[in-house]
There are 2 protein chains.
Amino acid sequence: MTDPQPHLDAVELDAYFALIEVSSLLRHTVEQQLKEAGGLSYVQFQLLATLGDSPTGSHRMTDLADGVVYSRSGLTYQAGLLEQAGLVTRAPSEEDERGITVTITDAGREVLSRVFPGHIDVIRQLLFAPLKRDDVTALGGLLSTVRAHMRATPPRSAARRRRSASS
Amino acid sequence: MTDPQPHLDAVELDAYFALIEVSSLLRHTVEQQLKEAGGLSYVQFQLLATLGDSPTGSHRMTDLADGVVYSRSGLTYQAGLLEQAGLVTRAPSEEDERGITVTITDAGREVLSRVFPGHIDVIRQLLFAPLKRDDVTALGGLLSTVRAHMRATPPRSAARRRRSASS
DNA sequence: GCTATGTGCTTCAGATTCGAAGCAGTAACC
DNA sequence: GGTTACTGCTTCGAATCTGAAGCACATAGC
């Protein structure tokens, strides 16, 4: 019954725009650092980091794509590049012949560890420098709340490839 | 001298990852809505919105690029598309023959107003729904602080081709 | 004036992106 | 066993993005 305002008020707009600009600028800067330090794109770094973080050093393609908010075909492309560079290997999954298991190599870990310090540094300097300890905690809490909500909210056009017949 | 910790602690990592994921998911969803509602890409929308927000309905190309955190050449491309679609016009600046003044057209405003409600709706549902009023205020405050800091912080590899500093 | 340098924008080639379509393995059901 | 639907990934074409190079105007110094 309480249909919200048809527009965002000043406070909301401010928060929204700030979010967009902060993430854009952060990503932009990080991207540059990664390219300089290790010749990696942001996505490639995310992939390596995800794999390196895994106990087994492996993940299925689809899980990777979901974790990075990325298209399947785009992931195939990037994984191909990483494989060519020798930073990951791809092998058919043992449990499911359809699935591909991507695994980070030693060379991949090496690149990761070479790039990481600078990466951390950028985040610190750009994102956390102007915030007090409590601010960081608060920001993290708020964003985590939003993230949980987003994950639980199905995309408006759910069922892309689901039922094709009728209805 | 004061080289901070070589790594981010759990709280910081959490905040960082949450920020990235939230902005990615938000952008993804918004992008889809814009495409459905008005055939606009996110950048195109940002450009139109920026122009529509201006008192004169105009801006120079460079100002637009900066405001949207975008490459110059990419802006040229997008502006070309918008012009072809009749949503903006481009004309040489009167003060500086080098500059191009981009102006939103009535058709552009029309598209903007057609797309806006749905856009607002997505932001509300996805970003603000799980937050209380005070949370929104807090989030906006924190992000604004960070944004101001980022704007004031020159890119690490400052000045390839140096721009006129502020004023 | 005239030359050197700086700035605004575009062009270009190459890289990256996405969605749709396709291939192959899997699961459910009879 | 066979049929049908579903899922995981890749291929394909078209759209988009970027940095480097280039063109045109502007400004400073002489």
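Lettering of chains follows the sequences in order, A, B, ..., and the numbering in each one begins at 1. Since the model is a prediction, treat every value here as computed from it, not as a measurement.
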Worksheet item: Rounded to the Å, how far apart are A:Leu64 CG and D:dC9 P?
Response: 9 Å

Item to complete: Drop me the distance from B:Ile20's CD1 to A:Leu127's CG, to the nearest 0.5 angstrom.
Response: 8.5 Å

Discussion item. Tell me whether the side-chain N/O atoms of A:Tyr77 come closer than 4.0 Å to OP1 or OP2 in C:dT17.
Written reply: no

Worksheet item: Do the non-hydrogen side-chain atoms of A:Tyr77 and A:Val43 ever get within less than 4.5 Å of each other?
Response: no

Discussion item. Is there a side-chain contact between B:Arg72 and the phosphate of D:dG19, meaning an N or O under 4.0 Å from OP1 or OP2?
Written reply: no

Discussion item. Let me confirm one number: the OG-NE2 distance from B:Ser144 to B:His149, rounded to the nearest 0.5 Å.
Written reply: 14.5 Å

Discussion item. Using whole Å, what does the distance between atom C1' of nucleotide D:dG19 and atom CG of B:Leu75 come to?
Written reply: 15 Å

Fill in: Carboxylate-amine/guanidinium proximity below 4.0 Å for B:Lys35 and B:Glu31
no

Practice prompt. Determine, stepwise, if the pair A:Gln46 / A:Tyr70 fulfils side chain to side chain contact (heavy atoms under 4.5 Å, CB included).
Written response: CA-CA 11 Å; A:Gln46 283 185 297; A:Tyr70 208 63; over 6 Å; no

Discussion item. The side chain of B:Gln78 is closest to which nucleotide in this list: C:dG8, C:dC18, D:dT16?
Written reply: D:dT16

Discussion item. Classify B:Leu81 by what it touches in the nucleic acid, base, sugar-phosphate, or nothing, heavy-atom distance under 4.0 Å.
Written reply: sugar-phosphate

Worksheet entry | B:Lys132/B:Asp134 ion pair, N-O < 4.0 Å | no

Discussion item. Checking contacts here: which listed nucleotide (D:dC17, C:dT16, C:dG19) is nearest the side-chain heavy atoms of B:Val43?
Written reply: D:dC17

Worksheet entry | Spacing between A:Leu34 atom CG and D:dT18 atom P, to the nearest angstrom | 16 Å

Discussion item. Side-chain N or O of B:Thr62 versus OP1/OP2 of C:dC9: is the shortest distance under 4.0 Å?
Written reply: yes

Practice prompt. Provide, to the nearest angstrom, the distance between the CD atom belonging to B:Gln32 and the P atom belonging to C:dC18.
Written response: 12 Å

Worksheet, complete the sentence: Checking C:dT11, C:dC9, D:dC9 against the side chain of B:Met61 (C-beta onward), the nearest is C:dC9

Worksheet item: In whole Å, what is the span from the OH atom of A:Tyr42 to the P atom of C:dT16?
Response: 17 Å

Worksheet entry | Lys/Arg-Asp/Glu bridge criterion (N-O < 4.0 Å) met for A:Arg60, A:Asp63 | yes

Practice prompt. Mind listing the residues from residues 93-105 of chain A sitting with a heavy atom below 4.0 Å of DNA chain D? Number order is fine.
Written response: A:Arg98, A:Gly99, A:Ile100

Discussion item. In this structure, how many angstroms lie between the P atom of D:dC9 and the CG atom of A:Leu47, rounded?
Written reply: 13 Å

Practice prompt. Please give the angle, rounded to 10 degrees, between the axes at the start and the end of the helix from C:dG1-D:dC30 to C:dC30-D:dG1, where five pairs define each axis.
Written response: 20°

Worksheet item: Whole-Å distance between C:dT7 P and B:Asp66 CG?
Response: 13 Å

Worksheet item: Can you list the steps and then say if A:Met150 with B:Glu21 is a side chain to side chain contact (heavy atoms under 4.5 Å, CB included)?
Response: CA-CA 9 Å; A:Met150 284 180 167; B:Glu21 192 170 340; over 6 Å; no

Worksheet item: Is A:Ser93 reaching over with its side chain to a backbone N or O of A:Ile100, donor-acceptor style, under 3.5 angstrom?
Response: no

Item to complete: Under the side chain to side chain contact (heavy atoms under 4.5 Å, CB included) rule, what do A:Val30 and A:Arg27 come out as? Steps first, then yes or no, please.
Response: CA-CA 5 Å; A:Val30 163; A:Arg27 176 154 185 164; 5.7 Å; no

Worksheet item: Where each residue is assigned the nucleotide of DNA chain C containing its nearest heavy atom, which of A:Ser41 and B:Lys35 is assigned the position nearer the 5′ end?
Response: A:Ser41

Worksheet item: Can you tell me how far C1' of C:dT17 sits from NE2 of B:His28, to the nearest Å?
Response: 11 Å

Practice prompt. Select base, sugar-phosphate, or nothing to describe what B:Thr76 touches, counting heavy atoms under 4.0 Å on all strands.
Written response: base

